[in-house]
Amino acid sequence: MVWPIVQGLWMSFTDESLTLNGTNFVGFDNYAEAFGDPDVWSSLGNTVFFTVITVVPLVVVALGMALLVHSGLAGQWVWRLAYFAPFLLPVTVVTLIWQWLYQPDLGMANQLLDTLGMEPIGWLSDEKFAMWSIAALTVWWTVGFNFLLYLAALQSIPDQLYEAAALDGAGAWRRLFSVTLPQLSRTTALVGMLQVLASLKVFDQIFILTKGGPNNSTRPILEYIYDVGFTGYRLGYASAISYLFFALIIIISIAQLRFFPRQEG
């Protein structure tokens, strides 16, 4: 890991390109250009928006699924398999499934709208819906991992806490908010941190489904880095953008890690 990191950092201070034979040191010119590049900010905005609309449901839905299974729902092994199975699928399979669901004429999503008497939607071709459609795919695909983390945490809560709460007259909802959720605070912090980092690094499903379209409305920062480096052939500039994004992820990670001691208290 060390050599690629050092090499990439050095490259960010040069004008290295796939089309040029020589390489010149340009100092902080690439970084200055990145700060003034509107495409950097728009793709970063898309990334942040995707993170916001996926992290909350990936925490809340996973918690709800774990609570349902832990409550003694009949056929638990079936529910566990159904909840976790999508997470085992490769990204190409997931995107193919959802590409058919979102197909304008024959897809199930628009067929349901037609049944309800509603107009069809361009799920991946309309700027208003494209990112939300990708977010729905992502939640369905990855929520199973968070579900397992919550289920393991629920199973580790001592039964004595629930027994004591019941003796004090606490009902089911009271036990949920006074015992279960406080006991899950550290798991929630962990799930939130992992999910924020994963969502910030989104690339595969967007690249396969929309290539960042329509009109770059779904293009994340990693895809812009890819476009600059391997379509525009500007490896030095692409490296500078990637290291700025890397610094942002480090800052967010440190901020989230500092939040853990408060959760432990």
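Heavy-atom basis, side chains included; hydrogens, waters and symmetry copies ignored.
- The side-chain tip of Lys211 points at the ring of Phe207 from less than 6.0 angstrom away and within 45° of straight on.
- Using a distance-only test at 3.5 Å, with no hydrogens or angles considered, a donor-acceptor pair links the side chain of Trp41 to the main chain of Phe35.
- The backbone N or O of Ser217 sits nowhere less than 3.5 Å from a side-chain atom of Asn215 that would complete a donor-acceptor pair.
- Counting heavy atoms from C-beta outward, Thr210 and Met131 have side chains that stay 4.5 Å or more apart.
- A ring-centre distance under 6.0 Å is not found for Phe84 and Phe145.
- Contact between Ala153 and Thr187 at its shortest, heavy atoms only, is CB-OG1, 3.2 Å.
- Between Leu44 and Leu248 the shortest side-chain heavy-atom distance falls below 4.5 Å.
- The backbone N or O of Pro120 lies less than 3.5 Å from no partner atom in the side chain of Asn110, so there is not a single donor-acceptor pair.
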Q) Between Gln99 and Ile208, does a side-chain contact (heavy atoms from CB on, under 4.5 Å) hold up when you go through it step by step? A) CA-CA 10 Å; Gln99 194 170 38; Ile208 296 173; over 6 Å; no
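- Under the 4.5 Å side-chain heavy-atom criterion for ILVMFWY residues, no single connected hydrophobic cluster contains both Val94 and Leu148.
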Q) Could you walk me through whether Thr218 and Phe50 pass the side-chain contact (heavy atoms from CB on, under 4.5 Å) check? A) CA-CA 9 Å; Thr218 63; Phe50 175 84; over 6 Å; no
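- Here the closest heavy-atom approach between residue Thr47 and residue Pro220 is recorded as OG1-CA, 3.4 Å.
- Between Leu151 and Met65 there is no side-chain heavy-atom pair separated by less than 4.5 Å.
- Between the side chain of Trp141 and the backbone N or O of Leu89, at least one donor-acceptor pair lies under 3.5 Å.
- Ring geometry for Tyr226 versus Phe230: interplanar angle of 30 to 60°, hence tilted.
- Taking all atoms of both residues into account, the shortest heavy-atom contact from Leu124 to Ser133 is CD2-CB, 4.1 Å.
- Inter-residue side-chain proximity for Glu33 and Asp29 is flagged as unmet; no heavy-atom pair is nearer than 4.5 Å.
- Side-chain atoms of Ser71 come within 3.5 Å of backbone N or O of Leu68 as a donor-acceptor pair.
- Tyr150 has its ring centre no less than 6.0 Å from the ring centre of Phe147.
- Tyr224 has its side chain out of reach of Asn216: every pair of non-hydrogen atoms, C-beta onward, lies at least 4.5 Å apart.
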Q: For side-chain contact (heavy atoms from CB on, under 4.5 Å), just list the numbers for Asn146 and Tyr83, CA-CA rounded to whole Å, side-chain angles, deciding distance to a tenth of an Å, and then say yes or no.
A: CA-CA 10 Å; Asn146 296 341; Tyr83 289 157; over 6 Å; no
Q: Test Leu161 against Ile157 for side-chain contact (heavy atoms from CB on, under 4.5 Å), laying out the working first.
A: CA-CA 8 Å; Leu161 295 178; Ile157 298 176; 4.2 Å; yes
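- A donor-acceptor pair is defined here as one N or O able to donate and one able to accept, closer than 3.5 Å; no such pair exists between the side chain of Ser178 and the backbone of Arg175.
- Atom CD in Gln195 sits 10.0 Å away from atom CG in Leu200 (nearest 0.5 Å).
- Linking Ile, Leu, Val, Met, Phe, Trp and Tyr whenever their side-chain heavy atoms come within less than 4.5 Å leaves Val78 and Leu88 in two separate clusters.
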(Q) Set out, in order, the CA-CA distance, both residues' side-chain angles and the distance that settles side chain to side chain donor-acceptor pair (under 3.5 Å) for Gln205 and Thr138, then state yes or no. (A) CA-CA 8 Å; Gln205 60 267 45; Thr138 304; 2.9 Å; yes
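- Atom OH of Tyr233 is surrounded by 12 or fewer heavy atoms from other residues, nucleotides or ligands within 6.0 Å.
- Between Gly229 and Leu18 the shortest heavy-atom distance is O-CD1, 3.7 Å.
- Ring centroids of Trp98 and Trp140 are separated by less than 6.0 Å, placing the two rings close together.
- Ring centroid separation for the pair Trp10 and Phe25 comes in under the 6.0 Å cut-off.
- Across all non-hydrogen atoms, the minimal contact from Gln111 to Asp105 is NE2-O, 3.1 Å.
- With Ser199 as reference, Thr54 is the one residue of Thr54, Thr51, Thr142 to meet the side chain to side chain donor-acceptor pair (under 3.5 Å) rule.
- Inter-residue side-chain proximity for Val40 and Tyr237 is flagged as met; some heavy-atom pair is nearer than 4.5 Å.
- Judged by distance alone, with hydrogens and angles left aside, the side-chain atoms of Glu223 form a donor-acceptor pair with the main-chain N or O of Gly212 at under 3.5 Å.
- A donor-acceptor pair under 3.5 Å is absent between the side-chain atoms of Asn30 and the main chain of Ala240, judged by distance alone.
- Connection of Val69 to Val139 is established within a shared hydrophobic cluster, with ILVMFWY side chains joined at heavy-atom distances below 4.5 Å, either directly or through further cluster members.
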Q: For salt bridge (Lys or Arg N to Asp or Glu O under 4.0 Å), just list the numbers for Arg174 and Asp168, CA-CA rounded to whole Å, side-chain angles, deciding distance to a tenth of an Å, and then say yes or no.
A: CA-CA 11 Å; Arg174 185 63 178 176; Asp168 289 338; over 6 Å; no
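- In this structure, Phe13 has its ring center closer than 6.0 angstrom to the ring center of Tyr31.
- Nearest heavy-atom pair across Met11 and Ser239 is SD-OG, 3.4 Å.
- Within the model, atoms CZ of Arg219 and CG of Asn46 stand 8.5 Å from one another, a figure rounded to the nearest 0.5 Å.
- Cluster annotation: Leu197 and Leu244 are assigned to the same hydrophobic cluster (Ile/Leu/Val/Met/Phe/Trp/Tyr, side-chain heavy-atom contacts under 4.5 Å, transitive).
- Counting heavy atoms from C-beta outward, Leu181 and Leu63 have side chains that approach closer than 4.5 Å.
- Side-chain contact check for Asp114 versus Glu119: every heavy-atom pair is 4.5 Å or farther apart.
- With hydrophobic clusters built from ILVMFWY side chains whose heavy atoms lie under 4.5 angstrom apart, Val93 shares a cluster with Ile206.
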Q | Pair Asp15-Arg234, salt bridge (Lys or Arg N to Asp or Glu O under 4.0 Å): steps then yes or no | A | CA-CA 7 Å; Asp15 62 355; Arg234 299 184 62 191; over 6 Å; no
